[in-house]
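In what follows, chains are A, B, ... by sequence order, proteins preceding strands, each numbered from 1.
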Amino acid sequence: MIFIFYIFLFLSIFFAFFGNIGMLRFPDVYTRLQASSKCATTSLLSLFIGLMILKGFSSISVRILVIAIFFLLTSPVASHAIGRSAYEGGILPWRRVRKKEDISEDK
Amino acid sequence: MSVFVIASFCFLATSLLSLIRIIIGPTAQDRLVGLNLIVPQVVAIMVLMAINFNRAIYLDVALVYAILGFISIIAITKYLKGKKLHE
Amino acid sequence: MLEIILLIILVLAILSLQFKDLLSAIICLAAFSFMLSLLFYYLHAPDVAIAEAAVGAGVATVLFVLVISRTKRRER
Amino acid sequence: MLITRRKLFKPLQKKRKEKVKSVNVHSKWKIIRILLTTSYLMLGWIFFTVNLAPFSLFLGLMLSFAVAFFTYDLFIEKEEAARRSLLPRIYLLIIYPLVLLTKVYLASFKMIIPVISGQSNPRVVHFRTRLKSELARVVLANSITLTPGTLTLDLDNDHLIVHWLDAKTIHSHYAARLIKGHFESWLKRIWM
């Protein structure tokens with residue numbers, strides 16, 4: 001049981017680290033949001049799953065389940081709100097410099 | 001030194017990384033992304049500490065913290081929604 | 001643990017004084033009060049942590065945003 | 001089984017729409033709305049206070065009824081005609097988070113490759129959804145935000161604007177098929 005918990009804990013720290021690295025490396029707001037929101041949600045969820053496996057069915061694990069459901073509902077809404085404010089504020093999405101054939105393809 | 005303390009150290013170290021984005025972000029939205037990333041990590045630290053102290057009542061603080069982080073981000077984006085970039 | 005949290009708090013406090021863009025200063029202040037709440041939590045005071053999170057991050061942020069929506073965003 | 005259910009359901013909808021004009025049905029619909037809101041709030045109460053003592057349950061029932069009496073108009077709108085959009089199929093609603101969870105894990109592992117290499121090809125894609133009820137659309141937008149390199153920027157009625165990391169096409173139809181995947185059919189079965 002505790003071995004599974006160690007695996008999930010490792011996954012959680014791994015995803016948190018890569019989310020932060022991605023947020024520092026990517027070039028504009030939207031791509032940063034992609035990296036940060038996804039990896040943060042996954043790291044928190046895997047931490048909660050690991051703790052629920054460790055604790056079994058008790059009052060602690062029910063509270064953790066409530067926090068997990070709440071996070072699963074609100075975290076996409078928060079990132080959507082940031083993305084929408086950036087989109088309506090007029091920040092253009094970054095695009096890779098592309099070859100001529102590709103440009104003619106998208107008219 | 002239990003596993004939980006070491007794990008919370010790791011989360012604190014990664015939140016130092018997202019502090020860098022708050023410092024250097026060129027626009028306000030970039031800083032908001034950093035704030036959005038700090039909140040889940042601090043919630044993770046709080047949950048790990050609550051398991052370490054073995055008290056169920058400490059988890060309520062984490063829940064309230066998550067709710068308030070969500071509300072503050074929504075309030076700031078509500079202001080930013082109507083504004084253009086350089087104004 | 002304690003030293004790292006205090007370092008983060010110090011950096012955020014200095015930043016929120018230095019920014020000319022007031023909205024960025026508000027974001028730094030929100031992160032500051034989140035970290036302060038974590039500090040209280042670490043020192044075994046969860047009730048103070050809840051109060052700090054509610055007042056500092058919830059009410060104060062909304063109030064400051066209201067103030068700058070009535071006045072100017074940039075400081076000269 | 002599912003097809004027959006839908007066929008049975010359609011004439012019911014039409015009848016209900018005709019009946020709404022009379023006043024009696026109107027007040028009945030109001031009572032149903034209050035009771036539905038009360039039951040949802042009660043579920044939340046039980047989850048938050050992990051306590052099954054009779055006094056706690058009674059207090060929760062009273063409080064959630066009082067809240068539902070004043071705010072039922074916000075939670076359930078007057079024009080929400082179909083019954084299926086308010087009462088989801090429970091067994092599918094339990095399976096759906098598991099499907100979503102596996103997709104989220106796969107998405108996060110895929111996310112690591114562009115993070116390390118720094119190679120990405122982000123584009124903005126527009127498309128439409130066929131879901132009818134508001135709740136199902138919101139859940140679709142949230143699940144799109146959680147899965148492979150996509151982020152919902154705007155949701156206006158049935159029109160979605162999606163930012164796609166590592167875009168393969170910008171043609172609306174194919175992009176919709178690639179991004180929505182199986183989510184739309186799942187949600188259609190849960191909520192309509």
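To the nearest 0.5 Å, the span separating OH on A/Tyr87 from CG on D/Asp154 amounts to 8.0 Å. Between atom OG1 of residue A/Thr31 and atom CG of residue D/Asn121 there is a gap of 12.0 Å, rounded to the nearest 0.5 Å. In this structure, the separation between CD1 on D/Ile112 and CZ on A/Phe14 is 4.0 Å, given to the nearest 0.5 Å.
Looking at D/Leu151, the atoms closer than 4.5 Å to chain A (heavy atoms on both sides) sit in the backbone and in the side chain alike. At a 4.5 Å heavy-atom cutoff, A/Ile82 makes no contact with chain D through either its backbone or its side chain. The contact between A/Leu73 and chain D is made entirely by backbone atoms, counting heavy-atom distances below 4.5 Å. Only the side chain of D/Leu101 comes within contact range of chain A, with at least one heavy atom under 4.5 Å from a heavy atom of that chain. Interface remark: D/Pro97 contributes no atoms to any contact with chain A (heavy atom separation under 4.5 Å).
No side-chain heavy atom of D/Val138 sits less than 4.5 Å from a side-chain heavy atom of A/Val77. Side-chain contact check for D/Leu146 versus A/Thr41: some heavy-atom pair is nearer than 4.5 Å. For the pair D/Leu155 and A/Arg84, the minimum side-chain heavy-atom distance is 4.5 Å or more. Looking only at side-chain heavy atoms (C-beta outward), A/Phe15 and D/Phe109 come within less than 4.5 Å of each other. Counting only heavy atoms from C-beta outward, the side chains of A/Phe18 and D/Ser108 never approach each other to under 4.5 Å.
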CA sep, side-chain torsions, deciding dist, call: A/Leu11, D/Tyr105, side chain to side chain contact (heavy atoms under 4.5 Å, CB included): CA-CA 10 Å; A/Leu11 269 182; D/Tyr105 268 94; 4.2 Å; yes
Pair D/Leu153-A/Glu88, side chain to side chain contact (heavy atoms under 4.5 Å, CB included): steps then yes or no: CA-CA 9 Å; D/Leu153 291 181; A/Glu88 287 182 354; over 6 Å; no
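Although no hydrogens or angles enter the test, the distance criterion places a donor-acceptor pair under 3.5 Å between the side chain of A/Lys38 and the main chain of D/Thr150. Although no hydrogens or angles enter the test, the distance criterion places a donor-acceptor pair under 3.5 Å between the side chain of A/Gln34 and the main chain of D/His163.
Heavy-atom pairs under 4.5 Å with chain D peak, among A/Ser37, A/Ser46, A/Cys39, at A/Ser46.
A/Phe17 CZ: 12 or fewer foreign heavy atoms inside a 6.0 Å radius.
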